[in-house]
Amino acid sequence: MKTPMTQLDDETVRSMAIGAVFSDFGGKINSLDFHRKDDLLVTASEDDSVRLYDIATAKLLKTTFHKKHGADRICFTHHPSSVICSSKYNLDATGAESLRYLSMYDNRCLRYFKGHKERIVSLCMSPVNDSFMSGSLDHTVRIWDLRVNACQGILHLRGRPTVAYDQQGLVFAVAMEGGAIKLFDSRSYDKGPFDTFLVGGDTAEVCDIKFSSDGKSMLLTTTNNNIYILDAYGGEKRCGYSLEPSPNVIIEATFTPDGQYVVSGSGDGNLHAWSINKRSEVACWNSHIGVPSCLKWAPRRAMFAAASSVLTFWIPNDSNAEPTRMDTEAGVEAEHPSQ
C-alpha cells in the first residue's frame with residue numbers, strides 16, 4: 001500500500017482501483033478522517049466503534065467501542081493517537097457530553113465538551129493550533145479549544161450549519177440556510193463574516209465544505225447531490241456537477257492534495273473524478289460498496305478511502321492483483337465506564 005504522493009495526472013487518476021477492503025463493520029460508517037502528517041486513518045461507525053488504521057500497510061491497529069455515547073462525526077487532533085468524536089446518544093436539553101476528546105492509545109476520554117443540544121453534523125480541527133469547530137442541528141456553530149472544557153465562541157445560524165478551516169487556519173467557512181457561505185477571520189470571528197458567497201440558483205443546504213490545499217478553491221456538496229467548486233477568494237463558481245440522487249444517504253466529495261481533481265460519490269453507486277482545470281470527467285468507477293457516505297483523499301499519498309458499511313482503500317493499479325481483504329480484529333477494547 002506504500003503509494004507516496006507524486007504529481008497526479010489523468011492517467012494516474014484513471015488507474016485508481018481498490019487495494020484493500022475492510023468489511024467487518026456492524027453498520028454504516030458515519031465519518032472518517034486522515035491524519036495530516038502520519039499515515040493514519042480513523043473511522044466512526046453506527047456500531048459505536050472507533051477504528052484506527054495504518055494506511056501505509058493497510059492494517060487495522062485498534063478498535064474501541066463507545067456504547068454509552070456512540071460514534072458519529074470524528075476528526076484527528078494534531079496528535080496521531082488522539083481524536084475528537086461527537087456523540088449520537090444521551091444528547092439531552094443541557095447538551096451534556098456532546099463531544100469527547102479521546103486517546104486511542106489508552107482508550108481514555110481526556111475531556112468532555114458540553115453545549116450542543118442536538119446531533120453534530122460537521123466537525124473540523126484547526127490545522128495550526130488547538131482550536132476546533134462543530135456545527136449542530138441545534139442551529140449553532142461552536143468554537144472550542146482542546147485545552148479548555150468551556151466553549152470559546154458560538155455562532156447562531158439558520159438551517160444546517162457546515163464548517164471548515166482553510167489549510168492555513170486563518171479563515172473558516174460556515175454554510176447555512178439558502179446556500180449562503182460566510183467567511184470568518186479565525187482570529188476575530190466575533191466581528192462577523194468578512195465575506196458572503198451565494199451558490200446561485202441552488203437553495204439546497206450545503207452538507208460539506210472543503211478547501212483545496214493551496215487555499216484557492218472551495219468544494220461544496222449539497223443535500224441534493226450537487227457539487228460546486230468555487231474560487232475561495234471571490235466566490236465565483238468555477239464548475240459544478242449534478243449527481244444521481246441518494247435518498248437517506250448524504251454523499252461526500254474530496255479534492256486531491258494538489259487541488260487539480262475532485263472525486264465524488266453518487267447515488268448510483270459510482271465514483272466520479274473530474275479535472276478542475278479541464279472541467280471534464282476523467283474517470284468513473286463502480287464503488288463496489290453501494291452509495292459511499294464517506295470519501296476522503298489522503299493528504300500525502302496517491303490514495304483515497306471510500307466507505308459505506310464497508311471501508312475501501314483505493315490506490316493506483318499497477319498490477320492485476322486482487323484487492324487485499326482485511327477483516328482481522330486488532331486491539332479491540334471496550335469503552336471505559338465514563339465513555
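- Checked by atom type and distance alone, the side chain of Q168 never pairs as donor or acceptor with a backbone atom of D166 at under 3.5 Å.
- Atom NE2 of H116 is separated from atom OG of S134 by 2.5 Å, given to the nearest 0.5 angstrom.
- Applying the ring pair (Phe, Tyr, Trp, His ring centres under 6.0 Å) test to Y241 and every residue at least two apart in sequence or in another chain returns W274.
- Across every non-hydrogen atom of L230 and G235, the tightest pair is CD2-O, 4.0 Å.
- V121 belongs to a hydrophobic cluster whose remaining members, ordered by chain and number, are L137; membership requires side-chain heavy atoms of ILVMFWY residues under 4.5 Å apart, directly or through intermediates.
- Applying the salt bridge (charged side-chain N to carboxylate O under 4.0 Å, His left out) rule to K28 yields no partners; only residues at least two apart in sequence or on another chain are considered.
- Scanning both residues, T43 and I29, for their nearest heavy atoms gives CB-CG2, 4.1 Å.
- Using a 4.5 Å cut-off on side-chain heavy atoms (C-beta onward), H139 and H156 make no contact.
- Listed by chain and number, the residues in a side-chain contact (heavy atoms from CB on, under 4.5 Å) with A175 are T162, I181, V206, I209 (sequence neighbours excluded).
- The hydrophobic cluster containing M133, built from Ile/Leu/Val/Met/Phe/Trp/Tyr side-chain heavy atoms closer than 4.5 Å, also comprises V141, I143, L155, L157, V163, Y165, F172, V174, M176, F184, Y189.
- Take Y53 and apply the ring pair (Phe, Tyr, Trp, His ring centres under 6.0 Å) test, not counting sequence neighbours, and it matches F22.
- Listed by chain and residue number, nothing satisfies the side-chain hydrogen bond (donor to acceptor under 3.5 Å, both in side chains) test with S213 (two or more places apart in sequence, or in another chain).
- Legend: residues meeting side-chain contact (heavy atoms from CB on, under 4.5 Å) with S287, ordered by chain and number and at least two apart, are L271, I289, P292.
- Every residue two or more places apart in sequence or in another chain that forms a ring pair (Phe, Tyr, Trp, His ring centres under 6.0 Å) with F76 is listed here: H35.
- Taking the side-chain contact (heavy atoms from CB on, under 4.5 Å) definition, one finds that A44 meets it with S31, A71, I74, sequence neighbours left out.
- When all heavy atoms of R238 and N277 are compared, the pair lying nearest together is NH2-OD1, 3.6 Å.
- D38 has no carboxylate O lying under 4.0 Å from a charged side-chain N of R300, or vice versa, which leaves the two without a salt bridge.
- For D130, the salt bridge (charged side-chain N to carboxylate O under 4.0 Å, His left out) partners are R147, not counting sequence neighbours.
- Placement of L52 and V50 within a single hydrophobic cluster is found when ILVMFWY residues are connected by side-chain heavy-atom separations under 4.5 Å, directly or transitively.
- Applying the salt bridge (charged side-chain N to carboxylate O under 4.0 Å, His left out) rule to D48 yields the partners K67, K88; only residues at least two apart in sequence or on another chain are considered.
- Rounded to the nearest 0.5 angstrom, I250 CD1 and N224 CG are separated by 11.0 Å.
- Shortest non-hydrogen contact noted between F197 and M218 is CE1-CE, 3.9 Å.
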